S.K.: 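First, the structure itself, so that you have it in front of you.
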Number of protein chains: 2
Amino acid sequence: MRTPEELSELFRQRGRKVTPQRQCIFRVLEGNVTHPSAEVVYEAARAEMPTISLKTVYQTLNDLAELGEIQALDLGTGMARFDPNVDGAHHHLVCHECGKVRDLYADLDGLTIGQSDAQGYDVRSAEVVFRGRCEDCRTAEGAGAGASAGSGRRASFRAATTATE
Amino acid sequence: MRTPEELSELFRQRGRKVTPQRQCIFRVLEGNVTHPSAEVVYEAARAEMPTISLKTVYQTLNDLAELGEIQALDLGTGMARFDPNVDGAHHHLVCHECGKVRDLYADLDGLTIGQSDAQGYDVRSAEVVFRGRCEDCRTAEGAGAGASAGSGRRASFRAATTATE
DNA sequence: TGTCAATTAACAATCGTTGGCAATAGAGTG
DNA sequence: CACTCTATTGCCAACGATTGTTAATTGACA
């Protein structure tokens with residue numbers, strides 16, 4: 001996602017008006033690595049601007065997604081998550097317990113399929129979602145029995161991590 | 001997913017009763033590669049058993065998912081899709097236009113991450129969802145302009161296909 | 001045969017999200 | 001500055017998928 005200033009310019013170019021509400025949402029999203037839901041963006045925005053409405057938040061998030069400045073993610077957590085990081089080459093680690101999401105910068109050059117394998121699909125994107133329990137959930141609750149240990153998992157591509165909530 | 005007979009046996013073992021409704025749903029799912037939604041299962045079941053209720057369908061699908069006999073998928077199509085194929089090693093091609101899903105049997109040995117990359121997550125599963133427009137949607141509507149052609153995509157793993165709806 | 005789970009119908013309720021509406025505010029343009 | 005037209009707000013209704021409730025009935029299994 002671009003900077004709030006650049007976004008303002010972009011909105012103007014597209015005939016959209018640059019309102020304080022929208023600027024507020026731009027700021028909330030700037031550098032946000034928590035993959036927030038609309039509700040979370042709403043709360044954060046209200047901290048600065050108590051009268052902002054949930055409607056406007058949804059509206060603006062959709063506008064941004066339309067412009068390709070953020071990505072709406074369906075990670076199976078029950079609600080849309082919005083990711084200002086549109087750098088493409090990253091995927092997601094999702095905790096099935098608390099819903100926490102972490103970015104996974106992975107060397108997934110291999111993650112494309114040839115036309116012959118695409119079964120006629122015009123493939124535009126490939127998303128990988130890794131699911132498991134995050135460290136917090138593991139240490140917090142499951143103090144006793146530890147069945148897993150992730151025995152045979154192989155590391156087959158390089159990955160670099162990035163924060164999140 | 002096992003055969004209806006085996007499922008019946010399994011249900012009895014678990015103290016669940018084997019009702020005609022459940023058996024009907026077992027049959028609907030047997031060999032079903034269409035990744036049906038609950039509603040679709042409901043319709044198919046009603047063909048055989050007109051009085052079956054949607055509630056029972058949801059109940060039974062959840063039971064089967066609990067037992068690991070089917071997998072509930074969230075493919076971003078707005079509703080849960082149920083996959084009797086639990087063979088693990090396959091992923092999905094989703095048409096963002098009509099929602100059609102195709103199995104993609106892919107050689108994705110590479111699709112595991114090492115403990116060091118898992119950021120403390122106890123990773124249990126990795127799903128890959130490829131999104132695009134299916135052949136039907138492409139030929140049907142987009143007769144004229146064809147911008148794409150999927151220029152630079154590389155084929156980097158073998159994939160075998162499987163039917164779907 | 002008897003018990004207890006399962007089913008049914010009909011309906012309310014949930015949750016995330018979108019829509020309508022009327023009134024007001026305010027951004028952009030001239 | 002003034003005008004216009006979009007945006008915002010508040011409030012509430014509605015959506016679609018799913019789950020819950022209730023009470024009455026059915027039927028599987030021991």
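The sequence lines fix the lettering, A, B, ..., with proteins before strands; numbering per chain opens at 1. All of these numbers come straight from a predicted model, not from anything done at the bench.
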S.K.: Please list, by residue number, the residues of residues 38-73 of chain B whose heavy atoms come closer than 4.0 Å to an atom of DNA chain C; answer none if no residue qualifies.
M.R.: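 Within this stretch, B:Thr51, B:Ile52, B:Ser53, B:Thr56 sit under 4.0 Å of the strand.
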
S.K.: Using a strict 4.0 Å threshold on nitrogen-to-oxygen distance, state whether B:Asp63 and B:Arg22 make a salt bridge.
M.R.: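 Judged by the 4.0 Å cut-off on N to carboxylate O distance, B:Asp63 and B:Arg22 do form a salt bridge.
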
S.K.: Are any of the side-chain nitrogens in B:Glu66 or B:Arg16 under 4.0 Å away from the carboxylate oxygens of its partner?
M.R.: yes

S.K.: Provide a list of protein-nucleic acid N or O atom pairs under 3.5 angstrom, restricted to nucleotides 27-30 of chain D.
M.R.:
from: D:dG27; atom 1: N2; to: B:Lys17; atom 2: NZ; distance (Å): 3.4
from: D:dC29; atom 1: OP1; to: B:Arg12; atom 2: NE; distance (Å): 2.8
from: D:dC29; atom 1: OP1; to: B:Val18; atom 2: N; distance (Å): 3.2

S.K.: Considering non-hydrogen atoms only, spot the tightest contact between B:His91 and B:Val128 and give its length.
M.R.: ND1-N, 3.1 Å

S.K.: Could you give the CZ-to-P distance, from B:Arg81 to D:dA17, as a whole number of Å?
M.R.: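 In whole Å, D:dA17 P and B:Arg81 CZ are 11 Å from each other.
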
S.K.: Could you tell me the separation between the CZ atom of B:Phe26 and the P atom of C:dA6, rounded to a whole number of Å?
M.R.: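 That distance rounds to 12 Å.
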
S.K.: In the hydrophobic cluster built from side-chain contacts under 4.5 Å, what are the other members alongside A:Phe82?
M.R.: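 Listed partners: A:Met1, A:Leu7, A:Leu10, A:Phe11, A:Val18, A:Ile25, A:Phe26, A:Val28, A:Leu29, A:Val41, A:Tyr42, A:Met49, A:Ile52, A:Leu54, A:Val57, A:Tyr58, A:Leu61, A:Leu64, A:Leu67, A:Ile70.
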
S.K.: Answer with base, sugar-phosphate or nothing: what part of the nucleic acid does A:Gly15 contact at a heavy-atom distance below 4.0 Å?
M.R.: nothing

S.K.: Report the residue (A:Arg22 or B:Met79) whose heavy-atom-nearest nucleotide on DNA chain D is the more 5′ of the two.
M.R.: A:Arg22

S.K.: One thing to verify: whether A:Arg138 and A:Glu135 come together as a salt bridge, which I'm taking to mean a side-chain N less than 4.0 angstrom from a carboxylate O.
M.R.: no

S.K.: Just the rounded figure in Å: distance from C1' of D:dT18 to CG of B:Asp74.
M.R.: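 To the nearest whole Å, that distance equals 13 Å.
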
S.K.: Compute whether any side-chain donor of one residue and acceptor of the other, for B:Glu39 and B:Ser37, lie under 3.5 angstrom apart.
M.R.: no

S.K.: Side-chain N or O of A:Gln21 less than 4.0 angstrom from OP1 or OP2 on C:dA25?
M.R.: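 So the side chain of A:Gln21 is outside the cut-off, no N or O lying under 4.0 Å from OP1 or OP2 of C:dA25.
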
S.K.: In a check of side-chain hydrogen bond (donor to acceptor under 3.5 Å, both in side chains) between A:Glu48 and each of A:Gln23, A:Arg27, A:Gln21, which one passes?
M.R.: A:Arg27

S.K.: Does B:Asn85 form a side chain to side chain donor-acceptor pair (under 3.5 Å) with B:His35? I'd like the steps, not just the answer.
M.R.: CA-CA 9 Å; B:Asn85 181 353; B:His35 306 79; over 6 Å; no

